[in-house]
Structure formats: C-alpha cells, structure tokens
Amino acid sequence: QVQLVESGGGSVQVGGSLSLSCAATRLTFGNYHMGWFRQAPGKIRERVATIRPSASITTYADSVKGRFTISRDNAKNTVYLLMNSLKPEDTAVYYCAASTMSTMNVVNFWGKGTLVAVSS
C-alpha cells in the first residue's frame with residue numbers, strides 16, 4: 001500500500017532551522033499535489049504548505065510565509081519542508097500529505113507525522 005514516511009523532526013531552539021523530508025512509496029508521485037500539515041496540542045490540523053506536481057506553484061499559510069520553503073524531487077519521490085526562524089508556536093506534529101486536489105481539501109494519503117519542538 002501507499003506509504004508516506006516523514007523524517008527530520010526534532011527539538012530546536014527559537015530562531016533555529018529544521019528540514020523535514022517525506023518519502024513516498026507505491027505512489028505515482030508525479031501525479032499528486034503534496035503538502036505539509038501540522039497539528040499542535042489542543043488545536044486542529046492546519047495546512048502549512050503545498051506544492052503542485054510540477055513544482056510550478058507553491059502555497060503557504062500566512063504564519064509561515066517567508067520562513068518555510070516547500071520543495072519536491074519527483075525523481076526521488078520525496079517532498080521537503082525547510083523551516084527557518086522557528087518560533088515556539090511552530091511546535092507541532094508535522095504530517096506529509098498527498099492529494100489529487102490542488103487545494104488539498106481532500107487528502108488521499110497521510111504520513112504518520114514527525115514531531116517538531118521549538119523551545120525558547
């Protein structure tokens with residue numbers, strides 16, 4: 001079955017950087033919009049960043065614009081999220097997602113998540 005496996009999470013201090021990766025298996029990767037979502041304790045899951053199959057268009061939540069960068073390598077079936085200038089409010093479990101919809105309002109496949117903890 002399709003698997004999305006995130007890696008790269010961990011603990012970092014305020015202002016630091018982390019890079020997340022999500023490797024897809026058994027997925028026709030180049031046909032899917034990919035995205036990163038996050039869920040903080042006691043909050044609903046929110047969309048952080050998305051990228052089109054061709055990587056031609058990316059979108060970001062206002063809260064991460066200018067700090068996070070999403071990218072993908074279709075040859076490696078991998079999507080990345082580079083996170084700079086991290087803030088305590090970025091603390092959350094980050095999930096990789098694949099969707100046939102550009103809005104990603106419906107997600108076809110989810111990863112299991114990786115924890116990012118930002119401390120002051």
Side-chain angles (χ1 to χ4, degrees):
Q1 67 273 24
V2 171
Q3 282 192 310
L4 301 178
V5 180
E6 303 96 337
S7 61
S11 298
V12 65
Q13 291 193 324
V14 169
S17 299
L18 279 177
S19 183
L20 305 183
S21 299
C22 170
T25 57
R26 300 184 183 88
L27 180 74
T28 309
F29 189 75
N31 289 352
Y32 284 84
H33 303 270
M34 299 299 296
W36 289 95
F37 291 68
R38 68 185 180 186
Q39 188 166 17
K43 296 190 176 181
I44 62 171
R45 191 173 297 190
E46 64 172 345
R47 183 170 53 224
V48 174
T50 68
I51 186 167
R52 296 284 180 96
S54 65
S56 58
I57 295 175
T58 57
T59 67
Y60 297 92
D62 287 344
S63 58
V64 307
K65 277 181 183 175
R67 299 188 298 122
F68 290 11
T69 302
I70 188 170
S71 61
R72 66 190 292 163
D73 186 336
N74 287 349
K76 295 183 178 179
N77 289 358
T78 302
V79 62
Y80 306 94
L81 185 68
L82 175 62
M83 305 183 293
N84 294 322
S85 303
L86 284 161
K87 305 175 180 180
E89 52 264 42
D90 294 319
T91 295
V93 176
Y94 283 72
Y95 298 90
C96 176
S99 174
T100 56
M101 300 176 63
S102 60
T103 59
M104 301 201 74
N105 287 340
V106 175
V107 171
N108 298 94
F109 304 103
W110 289 100
K112 292 185 178 181
T114 185
L115 177 64
V116 171
V118 184
S119 59
S120 56

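Residue indices begin at 1 and follow the sequence shown.
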S.K.: Can you list everything that forms a side-chain hydrogen bond (donor to acceptor under 3.5 Å, both in side chains) with Ser17? Sequence neighbours excluded, please.
M.R.: Asn84

S.K.: List in chain and number order the residues that pass side chain to side chain contact (heavy atoms under 4.5 Å, CB included) with Thr103, two or more places apart in sequence or in another chain; answer none if no residue qualifies.
M.R.: Met101, Asn105

S.K.: Please round to the nearest 0.5 Å and tell me the distance separating atom CD of Gln39 and atom CD1 of Ile44.
M.R.: 8.5 Å

S.K.: For the residue pair Arg72 and Phe29, would you count it as a cation-pi contact if the rule is NZ or CZ under 6.0 angstrom from the ring centre and within 45 degrees of the ring axis?
M.R.: yes

S.K.: My understanding is that only residues two or more places apart in sequence, or in another chain, count here; which of them pass side chain to side chain contact (heavy atoms under 4.5 Å, CB included) with Glu46?
M.R.: Arg38

S.K.: Mind running side chain to side chain contact (heavy atoms under 4.5 Å, CB included) on Glu6 and Leu20 for me, showing each step along the way?
M.R.: CA-CA 7 Å; Glu6 303 96 337; Leu20 305 183; over 6 Å; no

S.K.: Taking the hydrophobic residues Ile, Leu, Val, Met, Phe, Trp and Tyr, and joining any pair whose side-chain heavy atoms are under 4.5 Å apart, which ones share a cluster with Val5?
M.R.: none

S.K.: Return the set of residues passing side-chain hydrogen bond (donor to acceptor under 3.5 Å, both in side chains) with Asp73 (not counting sequence neighbours), or none when no residue passes.
M.R.: none

S.K.: Any sub-3.5 Å donor-acceptor pair from Asn74's side-chain atoms to Pro53's backbone N or O?
M.R.: yes

S.K.: Which atom pair, heavy atoms only, marks the closest approach of Val12 to Leu86?
M.R.: CG1-CD1, 3.5 Å

S.K.: Among Val64, Leu18, Ile70, find the residue that satisfies the side chain to side chain contact (heavy atoms under 4.5 Å, CB included) test when tested with Leu81.
M.R.: Ile70

S.K.: The criterion is side-chain hydrogen bond (donor to acceptor under 3.5 Å, both in side chains); which residues satisfy it with Arg67, sequence neighbours excluded?
M.R.: Asp90

S.K.: Just checking Glu89: does its CD atom have more than 12 heavy atoms from other residues, nucleotides or ligands closer to it than 6.0 angstrom?
M.R.: yes

S.K.: Please name all residues satisfying ring-ring contact (aromatic ring centres under 6.0 Å, His included) with Tyr60, sequence neighbours left out, ordered by chain then number.
M.R.: none

S.K.: With sequence neighbours left out, what residues match Lys65 under salt bridge (charged side-chain N to carboxylate O under 4.0 Å, His left out)?
M.R.: Asp62

S.K.: Rounded to the nearest 0.5 Å, how far does CD of Gln3 lie from SG of Cys22?
M.R.: 10.5 Å

S.K.: Taking only residues two or more places apart in sequence, or in another chain, which ones meet Ser102 in a side chain to side chain contact (heavy atoms under 4.5 Å, CB included)?
M.R.: His33, Arg52

S.K.: Evaluate side chain to side chain contact (heavy atoms under 4.5 Å, CB included) for Tyr32 paired with Phe109, printing each intermediate quantity in order.
M.R.: CA-CA 10 Å; Tyr32 284 84; Phe109 304 103; 3.7 Å; yes

S.K.: Measuring from atom CE of Met34 to atom CD1 of Ile51, what distance do you get when rounded to the nearest 0.5 angstrom?
M.R.: 9.5 Å

S.K.: Checking one residue: Leu115. Which other hydrophobic residues are in its cluster under the side-chain 4.5 Å linking rule?
M.R.: Phe37, Val93, Tyr95, Met104, Val107, Trp110

S.K.: Can you check side chain to side chain contact (heavy atoms under 4.5 Å, CB included) on Asn77 and Leu27, steps first, answer last?
M.R.: CA-CA 8 Å; Asn77 289 358; Leu27 180 74; over 6 Å; no

S.K.: Apply side-chain hydrogen bond (donor to acceptor under 3.5 Å, both in side chains) to Asn31 and list each qualifying residue two or more places apart in sequence or on a separate chain.
M.R.: none

S.K.: Could you pull out the closest heavy-atom pair between Ser99 and Val106, with the gap in Å?
M.R.: OG-O, 2.6 Å

S.K.: How far apart are the closest heavy atoms of Val79 and Ser71, and which atoms are they?
M.R.: CG2-O, 3.1 Å

S.K.: Who pairs with Ser21 by side chain to side chain contact (heavy atoms under 4.5 Å, CB included), at least two apart in sequence or on another chain?
M.R.: Ser7, Thr78, Tyr80

